[in-house]
Protein chains: 2
Amino acid sequence: MSAKSGRGGHHPTMDQVAAAAGVSRATVSRVINNAASVAPGIRDAVQRAITQTGYVPNVAARSLVTRRSDSVALVISEPDRPDDHSFLNRIFTDPYFGRVTAGATGALRPHDVHLVVVPTDADDHHQVVRYLRQGHVDGVLLISSSEHDPLPAQVHALGIPAVLASRPSGPLPVSYVDVDQRHGARLAAEHLLARGCRSLATISGPLDIPAGADRLDGFRAVAGAPVPAEIGDFTRVGGETAAHRLLDQHPGLDGLFVASDLMAEGALRALQDRGRRVPDDVAVIGFDDSSAALECRPPLTTVRQPVEEMAAEMAQLLIAHIHTPGRSPRSVIFQPTLVIRDSA
Amino acid sequence: MSAKSGRGGHHPTMDQVAAAAGVSRATVSRVINNAASVAPGIRDAVQRAITQTGYVPNVAARSLVTRRSDSVALVISEPDRPDDHSFLNRIFTDPYFGRVTAGATGALRPHDVHLVVVPTDADDHHQVVRYLRQGHVDGVLLISSSEHDPLPAQVHALGIPAVLASRPSGPLPVSYVDVDQRHGARLAAEHLLARGCRSLATISGPLDIPAGADRLDGFRAVAGAPVPAEIGDFTRVGGETAAHRLLDQHPGLDGLFVASDLMAEGALRALQDRGRRVPDDVAVIGFDDSSAALECRPPLTTVRQPVEEMAAEMAQLLIAHIHTPGRSPRSVIFQPTLVIRDSA
DNA sequence: TTGTAAGCGTTATCAG
DNA sequence: CTGATAACGCTTACAA
């Protein structure tokens, strides 16, 4: 009612709401955090005052005392890329990251925690580490793409709750979610063999990241150790050039496992350039079952990874860690499945 | 030296640093915010104490008093998409957003402000608005993709500093950065005409977003109003299906302007499927000059938009607005250029 | 140049 | 069930 509380500029304070509702600030706080005991009548009055004044809690003041910010970061780290910002091109070009974001967002929403995406390369590692240390977020979902990435260890050392999107390269007592990479690659090899392919080959991901090495291992375990392999970088053009190298050296290959759908799309183009028909001349299997698989011509047979569910699981684990500080690390492994379309 | 300040758990407080350095907390604060007057000796001692204790300012406490968080959000809003999370697939599949992120990050770094990416659709508009109101960030770089998106107006109403990535649909006193869309489209039309094309057509973006409508207008201004146009959605498959429709109705077309490189990539595929050779049978020009243009076969002639520079400019404007609250809105328009490759 | 002390807007612990 | 009243960790006049 006072002149002062009437306007309140752009950001009414809790005291102003309290005044408007004729209660104490403590009661307003209780209503907002819907604490058990507040008389229904009072509660309504406070709610009214809140909407009337357009009150929004000041997050700084709140988290100063609660030590929580109700938001978590999805950090996408790519330390090895060239010094320019080309890593951002990869991130915003590969459907994988969108799927992770979608899965995490969905799982976080019911908990009322915000998700912010933070891409980073070696250049701003420090900036990001500082961001995390400063307490902007309560925890981290971390996608790291190199075994030389110091970030996972740093985050762990910082003691900030974290969940990795894949098995850590080194031994690190941290929770993570992953798919059974080897098994997925085996499925691909078996399918190719069952299809009658005689000369198998593969385009792997970078070998310094577990997903790259594991998919290669798994494929070789079934296809035979000496199968030709070229290393790609999980990009479309990377897949394309790798396929060309492969075809140069092994013109007779008739079955190809590519460690990601995006690379497979590139490989398909190389195959087409060389006049090989898919799947008649060479059968191709991808990995991920991302939107890229459906954009392939022909539609790509691929190893499906339930990325959205995996990301949701990551979010759940992270929430648990945030909620229970001492909680011991846990890892959950999803099983991949083969999705058969037209390329193999 | 005391037992208490010796360990200090994971988060030493400023008082502990002060104690370690034998000064008052105020002095530590001055050193951290490198205020003018601190004796060199003292300053060093404090610096030592800081690194020794591993001190990091508590952002909540700090921003409670400064009212700044030293971080801004890049909000990517796509309100019209289907109810699932497919909008995230678009965002993480179109190189444009990576370029914006790169440009903004680069411009923000010298100011020591963090950038967080926040994708949002209609489902979590509220969540995002709350995030912004709560004061997690000092300002917003906003990419909005529909004239029906309420976010720009909401953000403006909230009074939080903001810069849009394109001309707002309605009249809104807010700063923005844009490229001269019409001019870019004109460049494309002129080039096609100069090349001798007789039957032009275009695949536009959604008409409810300025970039979509403006590029169409500009093209028609030069190519002639009745040129056939099909509407795409800025995705590759959208471009592909639009091209098919166009070819069904106008089999004789020999010059095609596609309002984005990604759509052009799809159009190229449609052209190839129908046995049209590019550029011999039909010349194709894209828009953006993104990485997609180089992945096209043949490499795409396209209207270049200096997205990174534009994003950097956005960041500068935002910093200015944050620094000077009352500052009046400003818009800066970049000029597009034609990049000639092999498709036209 | 440095220290003292008063907040910043919440939550949370007490009494009442 | 509600209301005072301490913190929370930092910045910033104001004094010294």
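Each chain gets a letter, A, B and so on, in the order its sequence line appears, and its residues count up from 1.
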Touch class at under 4.0 angstrom, heavy-atom based, for B:I42 against every strand present: sugar-phosphate
N/O (side chain, B:R62) to phosphate O (OP1/OP2, D:dT11) under 4.0 Å: yes
Options C:dG9, C:dA6, C:dT11, nucleotide nearest the side-chain atoms of B:R25: C:dA6
For A:A311 against A:A104, the heavy-atom pair lying closest together: CB-N, 3.7 Å
Nucleotide nearest B:L64 (side chain, heavy atoms from C-beta), chosen from C:dC8, C:dG3, D:dA4: C:dC8
Gap between atoms CE and P, on A:M14 and D:dA4 respectively (whole Å): 15 Å
Per B:S24 side chain, nearest of listed nucleotides D:dT11, C:dT4, D:dT2: C:dT4
Residue of the set B:V116, B:L142, B:L141 for which side chain to side chain contact (heavy atoms under 4.5 Å, CB included) holds with B:V75: B:L142
Phosphate OP1/OP2 of D:dC8 contacted by A:S63 side-chain N/O (<4.0 Å): no
Nearest-nucleotide pick for A:R67, side chain only, options being C:dA6, D:dG9, C:dG3: D:dG9
Short side-chain N/O contact to D:dC10 OP1/OP2 from B:S29, under 4.0 Å: no
Spacing of B:R43 atom CZ relative to C:dT1 atom P, expressed in whole Å: 10 Å
Touch class at under 4.0 angstrom, heavy-atom based, for A:A26 against every strand present: base
Geometric class of the B:H136/B:Y131 ring pair [parallel <30°, tilted 30-60°, perpendicular >60°]: parallel
Closest nucleotide among C:dT10, C:dT4, D:dC10 to the A:Y55 side chain: C:dT10
side-chain contact (heavy atoms from CB on, under 4.5 Å) involving B:R327 - partner list, sequence neighbours excluded: B:L317, B:A320, B:H321, B:T324, B:R330
Nearest to side-chain heavy atoms of A:N58, which nucleotide of D:dG3, D:dT12, C:dG9: C:dG9
Whole-Å gap separating P (D:dC8) and CG (B:D15): 10 Å
Backbone N/O of A:R25 and side chain of A:S29: donor-acceptor pair under 3.5 Å: no
Which nucleotide in C:dT2, D:dC10, D:dT11 has an atom nearest any side-chain atom of B:A61: D:dC10
Nearest-angstrom distance from the residue atom NE2 of A:H11 to C1' of C:dC8: 14 Å
Sugar-phosphate, base or nothing in reach of B:V23, heavy atoms under 4.0 Å: sugar-phosphate
Non-hydrogen atoms of A:S77 and A:D149 that approach each other most closely: OG-OD2, 2.5 Å
Side chain to side chain contact (heavy atoms under 4.5 Å, CB included) partner of B:P119, the single match among A:T101, A:T105, A:L115: A:T101
Phosphate OP1/OP2 of C:dT11: any A:N33 side-chain N/O under 4.0 Å: yes
Nearest-Å distance for atom pair CZ/P, residues B:R30 and D:dG9: 21 Å
Axis-to-axis angle between the two ends of the helix from C:dT1-D:dA16 to C:dG16-D:dC1 (five base pairs per end, rounded to 10 degrees): 40°
Residue A:T27, side-chain heavy atoms: nucleotide from D:dC10, C:dA12, D:dT2 that is nearest: D:dT2
Rounded distance in Å - CD (B:Q134) to P (C:dT10): 11 Å
D:dC10 OP1/OP2 closer than 4.0 Å to side-chain N/O of B:T66: no
Residue pair B:S166 / B:D178, side-chain donor-acceptor N/O under 3.5 Å: no
